[in-house]
Amino acid sequence: MSVFPKISLKPEVTGYLRNVFLNKEVTAVGPQEAESRFQKLLTCLSHPPSTTCVRASTHLSQMRDLLLFLKQQKCGSSAEEPSVQIAPHPRIADVLLLPVDGPRAVERLSSELVVDAQCGSAVLRGAHVFAPGIVASPKYMKAGDMVAVFSDLEGRCTRGATRFQGSKVFVGNGVAEMDRSAIFATETPARGVGVRMVDPLYKSPSFDGLLPSMVFLQNLPSVVVGHVLAPQPGERILDMCAAPGGKTCHIAALMGDKGEVVALDRIRNKIDRIRQNAQTLSLQSIKAFCFNSTRAVSDDEPTQEAEGPPFPPESFDRVLLDAPCSGLGQRPNMASTWSLKEICSYPPLQRKLFQAAVRLLKKGGVLVYSTCTVTLSENEEQVAWALSTFPCLSLQPQEPHIGSEGMLGAGLSPEQLRLLQRFSPELSWEQTDATASLTRRADTDTIGFFIAKFLKT
């Protein structure tokens, strides 16, 4: 159900995406269907998915024990409310699904507080309002005051304002945890929860008080990636762009923590986050390094197996390239200020990373490429480029295959498109309502995502 306007993009970006979704191959099949799909995409991107996906730490506890525990905790419900439905995914053994309740009939309060778009999106996924995300509040707001929370769509609200008349959307009501003076203090920036959401427009399950080692919040397609890679105990795996470490930890868990998972990222504090997640989940097989993965291949003659980067060619049994991308599949996203130049800057970087990935992969090894975007140039066109550039690569079937097939427009054959996995929420938008099964909603109403699996021969 649509309650928000379509995602706000720069006109040049909207035009670019429209050309993607109405390319010649697509419109030859059905121009009206293509236009409808594009418009639905713009609408669904501004709305949150209708389910919450939780990856269970099955390397630490049995799924049935965890499911029982969560039900006993009445996860996401107060003591007065009925328990939230929790169901295991029938095809993915370590996934639990919980419904999101929304949009709800929430009466707006008269006292308005404004948050930035990123914070507003987090609220729609079940978060409270953290103080750094607040850009405007009532002049005399005190801790304990009830406020209506609005998201600034275009980033035009001046920080510290007392009111804002620009483009904004209501995301729910909450209670202030801090005085206005503390939130906008100039000496020490405020941290922690600034507003606790008590009546959100979209009510997601709460995991407050649960051990972080038990469950890991993760979008369903991101969990599917780990299963498609299919790591085996004793293998050496490379996660080339690993931060914040959700997929890295999943790979290690799927291997039973037996083998080695090398995680690379070029930003130091992100590496610390990966190590922290690994420690929380009691995973010993992960080795994280701060390194630019485009330079991860060593040209020197190897004297022994390198523990850290750069690595000799053919050092890994499997490689995951969850590539940096334009992120245009993320939901909810009500507004993006990115220019077309910024969006088009990713394919060259992705190809540099891909070249390194192929060199680092052993013969007979598996390479999985994934993004959280919807463009052809970062997805199907990269697959077409890879197949023509590296004759040693061939596309492989994916298991599980839950998303739709690849999109027309990159010159790939029907057989090749069927081997790709594109999560396209716009295909089921306005068809998947609250009466649909939890699994159907979870499988179709996802973020936009893309997965390709290659074998090196």
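In this chain, residues are counted from 1 in sequence order. Just so it is clear, the values below take in all heavy atoms, side chains as well, and ignore hydrogens, waters and symmetry mates. Only a predicted model underlies this, so the values are computations on that prediction, with no experimental measurement involved.
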* Structure fact -> In short, G364 meets L455 closest at the heavy-atom pair O-CD1, 3.5 Å
* For S57 and S213, does a side-chain donor sit closer than 3.5 Å to a side-chain acceptor? -> no
* To do: Would you name the heavy atoms of V106 and L201 that are closest together and state the gap between them?
  => CG2-CA, 4.2 Å
* Over 12 non-hydrogen atoms of neighbours within 6.0 angstrom of CZ in R275 -> yes
* Asked: Strictly under 6.0 Å, is that where the ring centroids of F316 and F311 end up?
  -> yes
* To do: Check whether any side-chain heavy atom of V129 sits under 4.5 Å from a side-chain heavy atom of V193, and report yes or no.
  => no
* **Heavy-atom check, side chain of H59 versus side chain of L283, under 4.5 Å** => yes
* To do: Would you name the heavy atoms of E314 and L361 that are closest together and state the gap between them?
  => CG-O, 3.5 Å
* Hey, is E112 close enough to K168 for a salt bridge, meaning N to O under 4.0 Å? -> yes
* To do: Would you mind listing every side chain to side chain donor-acceptor pair (under 3.5 Å) that reaches into residues 447-457, with sequence neighbours excluded?
  => none
* Strictly by modelled atom types, are E12 and T14 linked by a side-chain donor-acceptor pair under 3.5 Å? -> no
* Is any NZ, NE, NH1 or NH2 atom of the basic residue among E405 and R422 found under 4.0 Å from an Asp or Glu carboxylate oxygen of the other? -> no
* Asked: Salt-bridged, D317 to K362, with N to O below 4.0 Å?
  -> yes
* Identify the two heavy atoms, one from L281 and one from C249, that lie closest to each other, and give their separation to 0.1 Å. => CD1-CB, 3.7 Å
* Is the closest side-chain donor-acceptor distance between Q39 and K6 under 3.5 Å? -> yes
* Structure fact -> Closest non-hydrogen contact found for M407 with V20 is CE-O, 3.5 Å
* To do: Begin from the C-alpha positions of F354 and Y369 and carry the test ring pair (Phe, Tyr, Trp, His ring centres under 6.0 Å) through to its verdict.
  => CA-CA 8 Å; F354 209 108; Y369 173 82; 5.7 Å; yes
* Which pair of non-hydrogen atoms, one from S46 and one from P332, has the smallest distance, and what is that distance? -> O-CB, 3.6 Å
* Asked: If you measure only the distance, is there a donor-acceptor pair under 3.5 Å linking the side chains of E378 and T375?
  -> yes
* Does a donor on one side chain and an acceptor on the other come within less than 3.5 Å for H89 and D94? -> no
* Is D199 salt-bridged to R104, cutoff N-O under 4.0 Å? -> yes
* Is any NZ, NE, NH1 or NH2 atom of the basic residue among R440 and D445 found under 4.0 Å from an Asp or Glu carboxylate oxygen of the other? -> no
